[in-house]
Amino acid sequence: MYLPDTVRQCLEKLELNNFACYAVGGCVRDALLGLTPHDYDLCTNALPWQIKEIFADRTLVLAGEKHGTVGVVTEDGVVEITTFRTEGDYADNRHPGWVNFETNIEADLSRRDFTVNAMAWSPTRGLADPFGGQQDLNNKILRAVGDADARFAEDALRILRGCRFGVRFGLHTEEKTLQAMYDKAPLLENIAKERIFDELCQLLPIVSVEDLLRFAPILTQVIPELRPTVGFAQHNKHHIYDVYTHICHVVAGVPPVLSLRWAALLHDLGKPETLSFGEDGQGHYYGHAEVSAKMAEEILHRLKAPTALREEVIFLVSRHMNRPDADKKLLRRHLSRWGEERLRKLLQLQEADIGGKGVQDEEFAFGEMHRIVDELVAENSCLSLRELAVNGHDLMALGICGKDIGKMLNHLLSMVLDEEIENEKAALLAEIRRNML
Ligand code: ATP
Ligand code: MG
């Protein structure tokens, strides 16, 4: 296994001092998969004070010392070295009540979540793999270390980690492990919302429809508002799927961009409560976009999502039913109001939403709409007050003052956007004069 020089040097220094030292966890898994690890963790039988002594000539990060982790600052970043440890008494399903330092690697590996994450490797001692992680990797199996129920009860975040690792590496979750993930999902209630949000942000960009269907019992625990959508028939000839299945198709159908994936996940939450029936017996969901946007806001607030993401998701969810036509003037107005990025994202959400109905009975020219947006962007035409060929000074020179300046500028922009006037100084000044008569 390849180790970067800085990591190898730390490992060798501990070995020189007669301690055992291994690369451990994610980096070993990634290397066995032929992937380049994004970081390397070391573990050792040296105690924190011994690690500190051995690296006394280096700058150290000691924030994790209590849990056995000493960070050695290298020119390549911080190498984390952790004393072999076990832990237990997870009264809150998350934090260990005690941490014990151990003398052998097997004990340390036994506290880890999944067999594929419970391997260690040293250049002198080879692979330590007491739980068959390598074999599971080869067979593409995700399996909890030891008793699955107990492991998820200790730390319920492992349930979401399991979802993520399974999807990321295309692993099939072994039956007992999957059952324990479902059974212990209610314990996710005890996990800090930020951590849940962080896991979901890593999961959403990589999930498929099948993954989302399989994870329904878990996702409905962390976002209870999803629960009424599961199996909720749409009673509408334009839809063949129930609301949750439709949501799954839309999530997997939008590009893997966080705000879009979140918007897709939350875009139809308001459907169950807005269902009404028309005279034709068809189900309708008047106002569901606004209701969903409100729910999305609450959910993202609860999960402590960053404000920028929350705002973008609310924007997308609340407008997902306002489907534009391939009309240049209309799209220019949207572009002016929302900017290119948001407009494109809204179109992408709407396209996936329509694609996720399971029937192709409506024609929407999304390709054409994007092409028009390309054209508008390439034209570099006037889309905001800033780009208008006259400014406040020009208006003041004509004797306009105070609030009237803003009003007039907006009036001019509106005309330019609607192609009623060229964005040329002389034409705009003439329009101003005409208005002043
Ligand atoms: P990634 O590539 O996403 O960083 P990783 O496997 O390195 O994957 P980390 O969260 O960095 O994941 O954790 C490093 C190692 O620590 C894991 O491989 C696993 O052995 C162990 N670990 C991390 N979190 C837990 C947990 N909640 N319960 C048990 N073991 C854990
Ligand atoms: Mg890692």
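In each ligand, atom 1 is the first atom listed, and ligand 1 is the first ligand listed. The figures that follow rest on heavy atoms only: side chains count, while hydrogens, waters and symmetry mates do not.
Under 4.0 angstrom from ligand 1, the non-hydrogen atoms of R168 all belong to its side chain. In F114, neither the side chain nor the backbone holds a heavy atom less than 4.0 Å from any atom of ligand 1. The proximity of D155 to ligand 1, defined as any non-hydrogen pair under 4.0 Å, is limited to the side chain.
Residue K294 is tested with E290, E298, E297 for a salt bridge (charged side-chain N to carboxylate O under 4.0 Å, His left out); the sole match is E298.
When only modelled atom types and interatomic distance are considered, K271 and Q234 share a side-chain donor-acceptor pair under 3.5 Å. Side-chain atoms of N236 and H284 form no donor-acceptor pair, as typed in the model, at a separation below 3.5 Å.
Nearest protein heavy-atom neighbour of atom 14 (C) of ligand 1: D41 OD2, 4.0 Å. The nearest heavy-atom contact from the protein to atom 30 (N) of ligand 1 is D113 N, 3.2 Å. Of the protein's non-hydrogen atoms, R29 NH1, 2.8 Å is the one closest to atom 6 (O) of ligand 1. Nearest protein heavy-atom contact of atom 18 (O) of ligand 1 is G26 N, 3.2 Å. Nearest protein neighbour of atom 20 (O) of ligand 1, counting heavy atoms only, is N117 O, 2.9 Å. When hydrogens are left out, the protein atom nearest atom 17 (C) of ligand 1 is R161 NH2, 3.6 Å; that is the closest non-hydrogen contact.
Residues L275 and Y286 form no side-chain contact, since every pair of their non-hydrogen atoms from C-beta on lies 4.5 Å or further apart. In this structure, the side chains of M181 and R158 stay at 4.5 Å or more apart for every pair of heavy atoms. Using a 4.5 Å heavy-atom threshold, the side chains of S414 and R333 count as touching.
Between R158 and ligand 1, at least one N/O pair is under 3.5 Å apart. The N/O atoms of G25, backbone and side chain alike, include none that comes under 3.5 Å of an N/O atom in ligand 1. The shortest N/O to N/O separation between R112 and ligand 1 falls below 3.5 Å.
Scanning all heavy atoms of the two residues, the minimum distance from Y40 to C27 falls at CD2-CB, 3.7 Å.
Around atom 4 (O) of ligand 1, the closest heavy atom drawn from M119, H38, R195 belongs to H38.
Remark: distances from the non-hydrogen atoms of Q202 to ligand 1 are all 4.0 Å or more. Under the 4.0 angstrom criterion for non-hydrogen atoms, L157 is not in contact with ligand 1. Residue E154 places no heavy atom under 4.0 Å from ligand 1. Residue contacts with ligand 1 include R111, since one of its heavy atoms falls under 4.0 Å from the ligand.
When the shell of 6.0 Å around CZ of R164 is examined, it contains more than 12 heavy atoms from other residues, nucleotides or ligands. Within a 6.0 Å sphere centred on NZ of K13, other residues, nucleotides and ligands contribute more than 12 heavy atoms.
Counting only heavy atoms, the protein gets under 4.0 Å from atom 8 (O) of ligand 1.
The residues E375 and R371 are annotated as salt-bridged, a charged nitrogen and a carboxylate oxygen being separated by less than 4.0 angstrom.
A cation-pi arrangement is absent between R143 and F131 under the rule of less than 6.0 angstrom and at most 45 degrees off the ring axis.
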